[in-house]
Amino acid sequence: MTVSISLHTDRYPAPSAMLELIKPVTWFPPMWAYACGAVASGVAISDNIGLLIIGIILAGPVVCGMSQAANDWCDRHVDAINEPDRPIPSGRIPGRWGLWIALAMSVLSLSLGALLGTWGFIATVVGVIAAWAYSAEPVRLKKSGWFGPGLVGLSYESLPWFTGAAVLSQTLPSAPIIWLALLYGIGAHGIMTLNDFKALEGDRQMGVNSLPVTLGPERAAKVACGVMLVPQIFVILALAHWGQSLHASAILALVLGQIWAMSVMLKDPKAKAPWYNGTGVLMYVSGMMVSAFALRSVEVMW
């Protein structure tokens with residue numbers, strides 16, 4: 001299958017098409033995770049508002065936006081099947097503009113990351129490499145239903161959480177911060193798997209072995225639910241062990257809400273996955289911020 005021939009003949013992409021290419025709807029998770037890391041650091045946010053704002057812009061519109069542009073360029077043949085109206089296969093992003101935008105934003109990411117100090121720059125380098133490793137040949141980790149979502153989960157949740165804490169504290173974050181950042185990044189593997197349901201047919205035709213393709217929608221949904229729940233259980237146990245029982249109880253309540261939402265979603269995973277993203281995933285990310293506030297006290301005790 002080749003990208004369909006477009007009726008668009010513009011030499012330059014319209015601003016609206018470029019904005020659609022970098023998918024603003026995807027920016028929230030890394031922006032939220034960076035904010036969680038900043039809160040968890042225990043540093044006064046009001047004294048570091050500049051670092052907070054720059055980091056949130058870097059994590060969301062710049063690095064995440066760059067990753068979306070890179071993914072759309074590398075996925076243009078798959079999108080011609082799944083989403084032919086996307087900017088590149090529709091021709092609204094003509095020629096190689098998709099590639100040039102992704103490369104330019106990679107450079108912008110590194111330049112902005114340098115403003116956040118050593119830890120911020122290192123994390124930005126890791127994020128840029130991860131974005132291209134996910135989408136581009138010959139690595140293209142997206143082909144794996146295990147490694148692809150795992151890399152995205154760690155890049156969207158763990159990495160910006162770690163970065164937010166490291167940038168504001170200007171040092172290596174404590175073990176509890178790293179531990180919880182990793183747990184929530186691992187759990188996000190399940191969220192990414194649910195996102196793969198919308199591309200099921202195109203992935204199957206183009207050899208992308210997502211879990212919905214290899215396991216089928218029903219089994220993949222069950223695996224996704226388990227992957228989301230188990231790390232959160234460890235978060236609850238860890239917070240209780242660190243003396244943060246009130247925060248642990250709040251996260252437990254959110255987990256119970258997710259279990260209810262999962263019971264609804266599992267009745268028709270392919271149709272209900274988008275619904276779950278607006279209910280269960282919202283409770284998941286709410287628990288992240290609850291954990292971040294709990295870590296402010298754990299920092300002092302650790």
Derivation of the side-chain contact (heavy atoms from CB on, under 4.5 Å) call for Val152 and Ile191 | CA-CA 10 Å; Val152 175; Ile191 299 174; over 6 Å; no
Just so I know, are the side chains of [X] and [Y] near enough to count as touching, which here means a heavy-atom distance under 4.5 Å?
X: Leu154; Y: Leu159; result: no
X: Pro13; Y: Pro94; result: yes
X: Val63; Y: Pro30; result: no
X: Pro176; Y: Trp242; result: yes
X: Tyr34; Y: Val167; result: yes
X: Val208; Y: Val213; result: no
X: Ser297; Y: His247; result: no
X: Leu266; Y: Cys225; result: yes

So if you build clusters from Ile, Leu, Val, Met, Phe, Trp, Tyr with side-chain heavy-atom gaps below 4.5 Å, do [X] and [Y] land together?
X: Val107; Y: Phe121; value: no
X: Leu172; Y: Ile122; value: no
X: Ile251; Y: Leu229; value: yes
X: Tyr284; Y: Ile186; value: no
X: Met228; Y: Ile236; value: yes

Taking atom CH2 of Trp132 as the centre, report whether more than 12 heavy atoms of other residues, nucleotides or ligands fall under 6.0 Å from it.
-> yes
Can you tell me if NZ on Lys270 sees more than 12 non-hydrogen neighbours from other groups inside 6.0 Å?
-> no
Looking only at atom types and distance, does a side-chain atom of Arg296 sit under 3.5 Å from a main-chain N or O of Phe293, one as donor and one as acceptor?
-> no
Worked verdict on Leu211 versus Asp196 for side-chain contact (heavy atoms from CB on, under 4.5 Å) | CA-CA 8 Å; Leu211 292 189; Asp196 286 337; 6.0 Å; no
Interatomic spacing from [atom1] in [X] to [atom2] in [Y] - rounded to 0.5 Å:
X: Leu180; Y: Trp161; atom1: CG; atom2: CH2; answer: 5.5 Å
X: Ser169; Y: Trp119; atom1: OG; atom2: CH2; answer: 9.0 Å
X: Phe28; Y: Ile56; atom1: CZ; atom2: CD1; answer: 10.5 Å
X: Phe162; Y: Leu182; atom1: CZ; atom2: CG; answer: 9.5 Å
X: Leu116; Y: Leu58; atom1: CG; atom2: CG; answer: 6.0 Å

Apply side-chain contact (heavy atoms from CB on, under 4.5 Å) to Ile57 and Ile54, showing your working.
-> CA-CA 5 Å; Ile57 293 172; Ile54 292 173; 5.9 Å; no
Please name the pair of heavy atoms, one in Pro173 and one in Ala165, separated by the smallest distance, quoted to 0.1 Å.
-> CG-CB, 3.9 Å
Decide, yes or no, whether a salt bridge links Arg86 with Asp75 under the criterion of side-chain N to carboxylate O below 4.0 Å.
-> no
Side chain to side chain donor-acceptor pair (under 3.5 Å) between Tyr184 and Ser291, intermediate numbers included = CA-CA 10 Å; Tyr184 276 111; Ser291 298; 3.0 Å; yes
Passes side-chain contact (heavy atoms from CB on, under 4.5 Å), Ile101 versus Leu21? Steps please.
-> CA-CA 9 Å; Ile101 290 170; Leu21 178 71; 3.9 Å; yes
